[in-house]
Asks: 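Submitted below is the structure of interest, expressed as structure tokens.
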Amino acid sequence: MSTTRLAVPPGRAGRLWLVQRLAVAHRAAGLLDRKLQVLTRELDTLRAAAEQTRADWEAACREAERRLLRAVLLGGERAVRLASDVDEADVTVWYTVTMGARHPAGARCAVGRAEGWEGAAVAEARQAYRTALTAAVQHAAAAAAVGVVESETTATRYRLRAVRDRWIPRLSEALAAVEFSLEELERADTARLRRSRHGPSAGLG
């Protein structure tokens, strides 16, 4: 590895330059490692939550379909169509931040109430679909959180590898080369001083 690619200052200034940057690289690696550990734990938690909300959503959908079928059998399709006119749903999502990654922390869904009369079976079906819609919103928020934290975890892992596997070895190799060069210069200076004091034969033997 060539130290010129790092633009290392010459002599002892270069050694100090490398020592300082190597210390910074080691600190960065430590911080990235701690960040990765936190993100990994949070990702495990979020994945478990996403799996649970998915299961809740699927169960709610099955129940809603069962209630709808019952309402159709008891009141007919016309009764269901007449009861289908409701206001739009209002979804609220709130966020949190994990190690710099902003992601959904939860969500809720409010559905407008239907106007007019409806039978008990239709009312039960309507409520079942409201429950399914709420479950779907909660799963969507949980899945989005997994996506955000997963991306940040991957990016952090890549940055940590770059520092540990490329940047630190590069700086360490450059520092070793500079120190070797300085040692060679010091030996040469010592030999010159010895010859100047004792004559040309002082450097022999």
Side-chain angles (χ1 to χ4, degrees), residues 1-55 92-107 137-205:
M1 182 178 299
S2 173
T3 58
T4 57
R5 294 178 61 188
L6 288 172
V8 180
R12 290 178 177 80
R15 178 167 57 186
L16 179 61
W17 187 89
L18 287 166
V19 166
Q20 291 173 341
R21 277 152 184 79
L22 193 56
V24 170
H26 279 295
R27 286 196 297 272
L31 291 172
L32 286 170
D33 184 61
R34 287 192 290 275
K35 178 178 179 178
L36 183 59
Q37 292 177 24
V38 172
L39 287 171
T40 300
R41 289 194 297 269
E42 181 67 12
L43 185 56
D44 289 342
T45 301
L46 292 174
R47 282 173 173 165
E51 286 300 315
Q52 183 60 56
T53 55
R54 177 188 293 276
T92 302
V93 181
W94 57 94
Y95 292 81
T96 188
V97 177
T98 301
M99 300 302 290
R102 183 175 181 268
H103 59 87
V137 168
Q138 291 172 346
H139 175 63
V146 168
V148 171
V149 176
E150 200 167 49
S151 296
E152 186 67 21
T153 301
T154 300
T156 302
R157 186 176 289 111
Y158 285 150
R159 287 193 288 268
L160 179 58
R161 287 177 180 172
V163 173
R164 279 184 173 171
D165 299 343
R166 293 194 293 275
W167 189 234
I168 289 178
R170 186 181 183 191
L171 289 170
S172 298
E173 186 176 343
L175 179 59
V178 168
E179 288 180 339
F180 178 79
S181 176
L182 290 174
E183 289 173 1
E184 288 292 309
L185 288 174
E186 289 174 0
R187 281 195 290 269
D189 289 341
T190 300
R192 281 194 298 271
L193 287 173
R194 191 175 299 164
R195 284 195 298 270
S196 66
R197 292 175 181 174
H198 304 287
S201 62
L204 303 176

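Everything numeric here is computed off the predicted structure, so don't read it as measured data.
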Asks: Going by heavy atoms in the side chains, are Q20 and V24 under 4.5 Å from each other?
Replies: no
Asks: Please list every donor-acceptor pair under 3.5 Å in which a side-chain atom of residues 98-105 meets a protein atom from a residue at least two apart or in another chain.
Replies:
from, atom 1, to, atom 2, distance (Å)
T98, OG1, H103, NE2, 2.9

Asks: Would you give me the side-chain donor-acceptor pairs under 3.5 Å for residues 138-145, sequence neighbours excluded?
Replies:
from, atom 1, to, atom 2, distance (Å)
H139, ND1, A50, O, 3.3
H139, ND1, T53, OG1, 3.0
H139, ND1, R54, N, 3.4

Asks: Roughly how far, to the nearest 0.5 Å, is the CG atom of L175 from the CZ atom of R15?
Replies: 8.0 Å
Asks: Take E152 and R159 through the salt bridge (Lys or Arg N to Asp or Glu O under 4.0 Å) test and state the conclusion after the steps.
Replies: CA-CA 10 Å; E152 186 67 21; R159 287 193 288 268; 3.3 Å; yes
Asks: CG/L43 to OG1/T153 distance, rounded to the nearest 0.5 angstrom?
Replies: 5.0 Å
Asks: Applying the side chain to side chain contact (heavy atoms under 4.5 Å, CB included) test to R157, which of D33, L36, L32 qualifies?
Replies: L36
Asks: Answer yes or no: is there a side-chain heavy-atom contact under 4.5 Å between R41 and T45?
Replies: no
Asks: Measure across A25 and V163 and return the closest heavy-atom pair with its distance rounded to 0.1 Å.
Replies: O-CG1, 3.4 Å
Asks: Drop me the distance from L22's CG to R170's CZ, to the nearest 0.5 angstrom.
Replies: 13.0 Å
